[in-house]
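Taking it in order: structure first as structure tokens, then the write-up.
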Amino acid sequence: MTFRTRFAPSPTGYLHIGGARTALYCWLEARHRGGRFILRVEDTDRERSTAPAVQAILDGMSWLGLDPDEGPFFQTQRMDRYREVSRELLAAGKAYWAYESKEELEAMRAAALTRGEKPRYSGAYRDRNEPYREDPNRVLRFKNPREGKVVFDDKVKGRIEWDNAELDDLVLIRSDGFPTYNFAVVVDDIDMAITEVIRGDDHVNNTPRQINIYRALNVEPPGFAHLPMILGPDGQKLSKRHGAVSVMQYREDGYLPHALLNYLARLGWSHGDQEIFSIPEMIELFDIADVNQSAARFDMAKLGWLNQQYLKNDNPLEIARELAWHLHRLGIDPSAGGPCPVDVVIALRERVQTLKEMAQRARIWYAPISEWDEKAVAKHLRADGAADVLSAAHEKFVALKDWSPHAIHAAIEHLANEQGIGMGKIAQPLRVAITGTQVSPSIEQTIYLAGRDEALRRIDAAVKKAAM
RNA sequence: GCUCCCUUCGUCUAGCGGUCCAGGACGUCGCCCUCUCAAGGCGAAAACACGAGUUCGAUUCUCGUAGGGAGCGCCA
């Protein structure tokens with residue numbers, strides 16, 4: 001039997017970071033075992049499911065490169081199948097019609113709670129054999145075993161045992177004819193031949209109920225692996241308060257998919273001391289059994305570090321493509337003039353952690369200086385001799401045969417020797433002249449990227465400004 | 001309230017009874033390098049929640065306690 005995992009989000013919003021990790025682990029485990037990865041959209045909640053959310057999830061997965069081998073399948077297109085299976089259960093005496101109103105159920109729970117018990121369904125209709133009839137309160141309930149226990153070996157949590165006495169008769173088919181989650185998953189996972197259910201550990205409590213449904217259907221349950229939660233940096237549940245929760249927000253914030261994947265993989269899983277994993281390495285080394293059992297906090301600082309690792313080591317050509325996307329967001333069209341984005345990547349990738357920062361810093365080469373750092377002007381432009389140094393540099397640059405970082409560097413060094421001053425005395429005034437600030441990449445890169453004409457113009461302007 | 005799950009440096013983690021006065025990474029701090037900012041190099045501070053057992057020996061096994069989380073829906 002081939003190994004099959006599935007990711008089964010409900011389309012009530014974007015793909016969030018927790019869902020992305022679940023998808024990643026399902027995907028990795030399937031790849032690792034040479035199996036198949038299936039995408040199933042659980043849209044039986046007609047109130048909250050939306051088409052844009054479906055699209056958002058698809059977009060998120062595709063940006064991350066987590067492409068399904070099969071699907072997306074939609075539960076709302078499988079209604080006949082759920083009805084069919086529910087009829088089987090009913091015919092086998094493993095399900096029954098119940099007719100309590102919501103108010104009655106509410107009262108039942110409240111009463112149980114005051115007795116110090118779990119708020120559960122009493123099973124009043126369990127043995128009544130009530131026939132089907134049109135009734136707004138009609139639901140089909142599952143006859144959960146009342147004795148014995150359910151035991152399963154969770155791939156990450158270990159052995160989990162549950163007394164059937166703790167479980168009640170859950171609803172299989174709602175009064176509107178739609179299946180409930182617990183029923184639909186089981187039917188789907190059986191039909192889609194899922195061998196390994198990997199999901200968030202908020203589902204641990206549902207697992208015994210689901211296993212009972214498998215048994216009622218005479219099907220051997222799949223393996224289960226329940227992933228611990230991802231917490232916000234403050235240790236609280238991840239929420240919009242924490243900023244980036246949607247996966248696509250990370251794209252906008254300038255992260256590379258590979259960096260996010262690597263971070264997510266390491267959040268809850270590890271392989272010795274290794275921190276950096278290529279995708280093929282992840283596939284080779286990942287094992288769901290090595291996943292940790294406790295919740296982990298999301299740490300932006302480490303994500304940033306990882307992102308920079310990839311910024312520094314990935315092919316600059318590819319990064320330049322991503323950079324162009326961010327430049328456009330800032331209203332810059334790199335094809336309309338200015339330096340080649342590949343050169344910008346090389347100049348900035350050791351100085352920023354995100355592409356967003358990189359694009360912002362790159363502005364100085366694509367647009368005129370918009371704002372002068374007055375402290376920098378006072379300190380470096382109006383310093384003694386700064387204007388002369390700038391003029392001398394201007395001359396050198398005019399005379400340069402070859403406009404390259406190397407040639408520019410040589411010219412500046414030469415000038416330093418001539419004038420008997422340190423590099424700092426030349427580099428800083430030039431930096432302020434070119435960028436308006438005292439922070440930028442190496443001075444030869446900064447000047448080179450401006451282009452000869454623009455560099456000379458800015459130096460001229462700075463000489464004038466120094467005299468003001 | 002009940003049931004289930006979790007607990008190693010600030011954070012992510014290694015550790016699967018002795019190799020641990022606990023290793024790595026991010027972050028923090030210091031030094032070096034240096035035209036700024038970074039990157040890089042070197043170094044430092046920093047943890048087994050607590051209490052009982054089991055054992056010759058517990059970070060590692062068992063049970064409690066405390067703390068945290070999840071679930072108890074005609075939501076998924």
Side-chain angles (χ1 to χ4, degrees), chain A residues 8-12 42-45 47-49 75 98 100 102 105-106 109 112-121 137-141 154 157-158 160-163 165-168 170-182 184-185 199-208 226 228-229 231 233 235-237 263 266-276 292-306 308 312 348-353 361 376 380 409 412 416 422-432 435 437-444 446:
Chain A
S10 64
T12 54
E42 309 217 320
D43 55 352
T44 52
D45 182 348
E47 309 274 297
R48 301 194 298 149
S49 300
Q75 289 188 321
E100 281 93 351
K102 303 222 164 142
L105 292 171
E106 204 52 56
R109 287 188 201 103
L113 227 35
T114 57
R115 268 181 273 125
E117 295 169 14
K118 276 193 195 184
R120 292 181 305 172
Y121 175 64
N137 292 325
R138 180 211 66 242
V139 296
L140 188 71
R141 283 187 183 269
D154 193 279
K157 303 264 178 193
I160 294 176
E161 296 192 5
W162 219 285
D163 274 324
E166 295 294 333
L167 271 22
D168 65 356
L170 79 173
V171 169
L172 259 21
I173 301 290
R174 308 198 281 234
S175 51
D176 63 4
F178 276 68
T180 57
Y181 164 75
N182 278 302
V185 225
R199 63 204 344 178
D201 72 1
D202 47 333
H203 289 289
V204 175
N205 303 278
N206 291 319
T207 306
H226 288 96
M229 295 189 58
L231 271 20
Q236 296 300 111
K237 202 168 171 171
Y263 181 73
R266 272 294 279 101
L267 196 63
W269 170 81
S270 62
H271 183 259
D273 289 339
Q274 189 169 346
E275 296 287 350
I276 309 281
N292 271 41
Q293 323 180 40
S294 51
R297 298 191 195 201
F298 197 90
D299 181 14
M300 288 303 285
K302 187 152 186 184
L303 205 216
W305 173 78
L306 262 173
Q308 188 179 45
K312 287 198 304 183
L348 285 171
R349 61 181 173 174
E350 288 187 353
R351 291 159 224 277
V352 297
Q353 293 203 318
R361 298 240 210 148
H380 299 293
H409 181 82
I412 294 173
M423 283 290 278
K425 289 282 183 207
I426 302 179
Q428 283 306 78
L430 279 170
R431 190 168 341 257
V432 178
T435 70
T437 73
Q438 42 189 334
V439 176
S440 82
S442 72
I443 194 61
E444 63 266 24
T446 303

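Because only heavy atoms are used, hydrogens play no part in the values below, and waters and symmetry mates are left out as well, while side chains stay in. Letters go in sequence order (proteins before strands), and every chain restarts at 1.
- With hydrogens and angles ignored, a donor-acceptor pair closer than 3.5 Å exists between the side chain of Arg351(A) and the base of rC37(B).
- Considering only side-chain N and O atoms, Gln428(A) lies nowhere under 4.0 angstrom from the phosphate OP1 or OP2 of rC35(B).
- A donor and an acceptor atom never sit less than 3.5 Å apart when one is taken from the side chain of Ser294(A) and the other from the base of rC6(B).
- Side-chain nitrogen and oxygen atoms of Asn292(A) include at least one within less than 4.0 Å of the OP1 or OP2 phosphate oxygen of rA14(B).
- A gap of 14 Å separates the P atoms of rC31(B) and rC37(B), to the nearest Å.
- OP1 or OP2 of rA76(B) has at least one side-chain nitrogen or oxygen of Thr44(A) nearer than 4.0 Å.
- Side-chain nitrogen and oxygen atoms of Lys237(A) include at least one within less than 4.0 Å of the OP1 or OP2 phosphate oxygen of rA70(B).
- At a cut-off of 3.5 angstrom, counting only N and O atoms as typed in the model, there is a donor on one side and an acceptor on the other between the side-chain of Asp273(A) and the base of rG23(B).
- Below the 3.5 angstrom threshold, one finds a donor paired with an acceptor across the side chain of Glu444(A) and the base of rC35(B).
- A sub-4.0 Å separation between OP1 or OP2 of rU13(B) and a side-chain N or O of Arg297(A) is absent.
- Within the structure, every side-chain polar atom (N or O) of Arg349(A) is placed at least 4.0 Å from both OP1 and OP2 of rA38(B).
- Phosphate contact (OP1/OP2 of rG1(B), side-chain N/O of Arg115(A), threshold under 4.0 Å): absent.
- Between rU36(B) and Ser440(A), no contact under 4.0 Å exists linking OP1 or OP2 to a side-chain N or O.
- Residue Val204(A) has its side chain nearest to rC4(B) when only rC35(B), rA76(B), rC4(B) are considered.
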